[in-house]
Undergrad: 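Supplied in structure tokens, the structure appears directly below.
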Amino acid sequence: MLKCERIVKTFYDALEEGKILARRCSECGHIEYPPYLACNACGNLDTEWVELPEKVMCNQVLPVSAMFMDPDFKANVGDYAIAAIQPENAFEVGSVLLHVSPEEVDEIRAKLPAPVKPVIVQEDGYKNVHWELA
Amino acid sequence: MSYVKNVNPLKPYSRGVSIIGVGATPFMLTMDNKETRGLTHGELFGYAAIEAMRDAGITAKDVDMYVHGNAGPGWQEDMGTPNMHVANWFGMKAKPSVHHSEACGTGYVALEQAVSYVASGAYDIVLTGCCDFSYSIYKDNKHPSFMRKHCTDVQWNDIVINSQAKDYTMWQHCGGSLATEAWLDRYVVENKIEDKIEDVLMTLSKYSRENAARNPYSVNHTTYDDMAKMFKMESAEEFLRSKYNPKLGRYMHASHFEVRADGAAAAIVCPTEMAYKFTDRPVEVLGIGHSCLEQNTPALEKFATEAAYHNVRELTGLTGKDIDLFTTNDFFQQCQFLAPEECEYIPRGEGWQYVLDGRLQTTGDRPVNTHGGRCCYGHAHGTSGMHDLYETIMQMRGERGENQVQHPINYAMIRGFGGSQNVLCTILKNNAKEGK
């Protein structure tokens, strides 16, 4: 009988313990971050749990669009910008770069791509991963 | 970064498929006009479908099955099995039908669905249509559907945010901002046009609104010059750079975002070998490239366009250079030059200059979005793709009045995009008989 492991819950549970999990393809080594079941690089159906690689780059930074500013989130984390993040051997994903005011966006953009490190943030009833410059 | 190798090659259709009829309602703000207030989803879909059947010279009896599309049956109408909400309105009782919903990509998928049904050999004549009430949503479940209410901007923003994937994406707090400007930002950096992009975007707004103002199917019938006069300003440029057009991101102003509307459109497709039985002006669907990327992929619209275009180019042997008219989803207005570039309709890195030189305008040599586009003509989410098809077919027939392009259209491309998912590149061939 098919066993259905809880991937999403495992990811969020691990954050409670300070760990950031991903899945690695057993065939090509591609990292699925955030974790999914199968490999989106080669199509292999088997992946396994690993901790997120230490090397993560920020490739793009943009100010938050006025249309999509989340006041509750800003009240929780302070200034932030929109970012494209890429862990080693993984695809680029969207996220946010913490502690960046709109005035600081240009200065950071001039340094891209730049290494970043994860910050585990308490949100409304769960922990989440965001980023800051390393 | 590229996802082209993730998308398997397209295969040729088992039999050719052509469009023999189209119909569309104008885009409307139904709640705001006493003549349209109270129109319902079934009525609008029905009017568009009946016009498409009349255009094809058929009746409901001839239709083998139909496809119904809508961007958001939950938030617009609270519909279950939405195809059943329209069936009785245009003579389809007991006929097979399906519903599909791919947000703003719905109208493009609508054509692909119908073409696939006919190409399979299972059905000969398929009606495909879309209807969206993006501006005037259902009131509640205690009243008939003619009683409606405005969908406010706040409600709409909540819908956009809250409809993202809820495993991880929605909680990244970035999907909307990334979708709107990530592609444009990469383009600006790559082409070193930081000092020019404001002029490019304002030029785009000005002439797109002029296209819309000339289009009787549009929700906007005033130009930005008219708006300037209303506010006692000298010119459209002054208005567009004023506080009435605030900057909302790094590059984009309010004028570069969609204008929500209500409306419907439909098309009839049949095997190419049968098309001349119904019309002297069939348009053949040569291929539809299709790629989807989830919202948490930065610049997803660029990468999905690249993959969808790659596939349709490989299938048809045609490139953007062979295309005579380009129509594209532009609920972020810059897609009027980003998408044609990605699809080789205009040279890479020169789209911004084409805008400034007026070459993408209706009177230009490489026209794009002759109807005025989502930010001016209007945007009834899932239906807009079907309106792009309607505009393209009318242009191919030479029936677009003041917005008619100046050259013959043998091939057209429609580049569709939905909110963070489906991108489709459709190539159409004009098979009109000589002199038609």
Side-chain angles (χ1 to χ4, degrees), chain A residues 6-9 11-12 15 22 32-37 39-43 58-74 76-77 80-86 90-98 102 105-106 109-110 112 121 123-131, chain B residues 1-3 5-8 153-154 156-162 164-190 194 246-254 256-258 292-300 302-303 331-332 420:
Chain A
R6 293 171 296 184
I7 302 298
V8 175
K9 186 170 188 308
F11 172 76
Y12 285 104
L15 293 180
E32 287 291 332
Y33 176 80
Y36 293 107
L37 290 169
C39 178
N40 281 293
C42 75
C58 175
N59 297 332
Q60 186 175 22
V61 173
L62 283 165
V64 185
S65 166
M67 289 179 67
F68 300 108
M69 173 62 74
D70 181 341
D72 293 337
F73 181 65
K74 189 168 191 292
N76 186 28
V77 302
Y80 70 100
I82 303 304
I85 299 295
Q86 189 168 24
F91 289 133
E92 210 175 38
V93 293
S95 193
V96 300
L97 200 58
L98 300 175
V105 165
D106 277 344
R109 283 167 61 88
L112 297 178
V121 174
E123 298 202 27
D124 185 12
Y126 66 101
K127 284 193 167 62
N128 206 351
V129 185
H130 302 300
W131 304 88
Chain B
M1 190 76 64
S2 172
Y3 300 94
K5 71 180 178 64
N6 280 26
V7 184
N8 294 342
D153 286 344
V154 172
W156 172 235
N157 197 280
D158 280 349
I159 290 161
V160 171
I161 297 292
N162 294 326
Q164 295 173 29
K166 293 174 178 62
D167 298 331
Y168 310 114
T169 301
M170 186 167 152
W171 318 115
Q172 294 307 306
H173 308 279
C174 67
S177 297
L178 268 182
T180 52
E181 293 201 315
W183 186 5
L184 176 63
D185 180 51
R186 290 174 191 215
Y187 182 88
V188 168
V189 171
E190 185 181 330
E194 190 92 38
K247 203 170 195 177
L248 299 176
R250 183 171 179 85
Y251 307 103
M252 295 167 68
H253 290 243
H256 307 123
F257 287 91
E258 68 186 46
C292 304
L293 284 167
E294 197 260 342
Q295 182 136 13
N296 210 26
T297 306
L300 68 99
K302 170 188 165 57
F303 295 119
F331 52 45
F332 311 135
S420 347

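Reminder, nothing fancy here: chain letters follow the sequence lines and each chain counts from 1.
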Undergrad: Below 4.5 Å, heavy-atom pairs only: which of Phe68(A), Tyr80(A), Tyr126(A) has the largest tally toward chain B?
TA: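 Greatest number of close heavy-atom pairs with chain B: Phe68(A).
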Undergrad: What part of Leu248(B) is in contact with chain A, defined as an atom under 4.5 angstrom from a non-hydrogen atom: side chain, backbone, both or neither?
TA: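 Interface part for Leu248(B): both.
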Undergrad: So which of Val96(A), Val105(A), Asp70(A) has the largest heavy-atom pair count under 4.5 angstrom toward chain B?
TA: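 Top count of heavy-atom pairs under 4.5 Å with chain B: Val96(A).
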Undergrad: Between Ala81(A) and chain B, which part of the residue has a heavy atom less than 4.5 Å away: side chain, backbone, both or neither?
TA: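 Neither part.
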Undergrad: Looking at Met69(A), Arg109(A), Met67(A), Gln86(A), which has the largest count of heavy-atom pairs under 4.5 Å with chain B?
TA: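 Max contact count across the listed options: Arg109(A).
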Undergrad: Side chain, backbone, both or neither: which part of Val129(A) has an atom under 4.5 Å from a heavy atom of chain B?
TA: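 Looking at Val129(A), just its backbone touches chain B.
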Undergrad: I'd like to know if the side chain of Glu190(B) pairs up with that of Tyr187(B) as donor and acceptor (distance under 3.5 Å, no hydrogens or angles considered).
TA: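 There is no such pair between these side chains.
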Undergrad: Within the side chain of His173(B), is there an N or O that forms a donor-acceptor pair under 3.5 Å with the backbone of Trp171(B)?
TA: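 Yes, the answer is positive, given that a donor and an acceptor are paired below the 3.5 Å cut-off.
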Undergrad: In terms of heavy-atom proximity below 4.5 Å to chain A, should Ala182(B) be classed as side chain, backbone, both, or neither?
TA: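 Interface part for Ala182(B): both.
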Undergrad: Could you look at Glu92(A) and say if it's the side chain, the backbone, both or neither that has a heavy atom under 4.5 Å from chain B?
TA: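 Glu92(A) touches chain B through backbone and side-chain heavy atoms alike.
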Undergrad: Less than 4.5 Å to any heavy atom of chain A: does that hold for the side chain of Asn157(B), its backbone, both, or neither?
TA: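 Side chain only.
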Undergrad: Examine distances only and state if a side-chain atom of Lys302(B) and a backbone atom of Pro298(B) form a donor-acceptor pair shorter than 3.5 Å.
TA: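 No, Lys302(B) side chain to Pro298(B) backbone: no donor-acceptor pair under 3.5 Å.
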Undergrad: Please state whether the side chain, the backbone, both or neither of Pro35(A) comes within less than 4.5 Å of a heavy atom of chain B.
TA: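 Both backbone and side chain of Pro35(A) come within 4.5 Å of chain B.
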Undergrad: Using non-hydrogen atoms and a 4.5 Å limit, figure out which bit of Ile85(A) sits close to chain B: side chain, backbone, both or neither.
TA: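 For Ile85(A), no heavy atom lies under 4.5 Å from chain B.
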Undergrad: Sub-3.5 Å donor-acceptor pair from the side chain of Ser177(B) to the main-chain atoms of Val64(A), do we have one?
TA: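 Looks like no, no N/O pair under 3.5 Å.
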Undergrad: Give a yes or no answer on whether the side chain of Glu32(A) reaches the backbone of Asn40(A) with a donor-acceptor pair at less than 3.5 Å.
TA: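 A pair under 3.5 Å: yes.
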Undergrad: So, the side chain of Asp185(B) versus the backbone of Glu181(B): is there a donor-acceptor pair under 3.5 Å, distance only?
TA: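 Not a single qualifying donor-acceptor pair exists.
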Undergrad: For Asn6(B), is it the side chain, the backbone, both or neither that has a heavy atom under 4.5 Å from a heavy atom of chain A?
TA: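 The side chain, not the backbone.
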Undergrad: Please check: side-chain N/O of Gln295(B) versus main-chain N/O of Gly175(B), any donor-acceptor pairing under 3.5 Å?
TA: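 Here the side-chain-to-backbone pair exists.
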Undergrad: For this output row, return yes or no: ring centroids of Tyr36(A) and Tyr168(B) closer than 6.0 angstrom.
TA: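 Centroid distance Tyr36(A)-Tyr168(B): below 6.0 Å, so yes.
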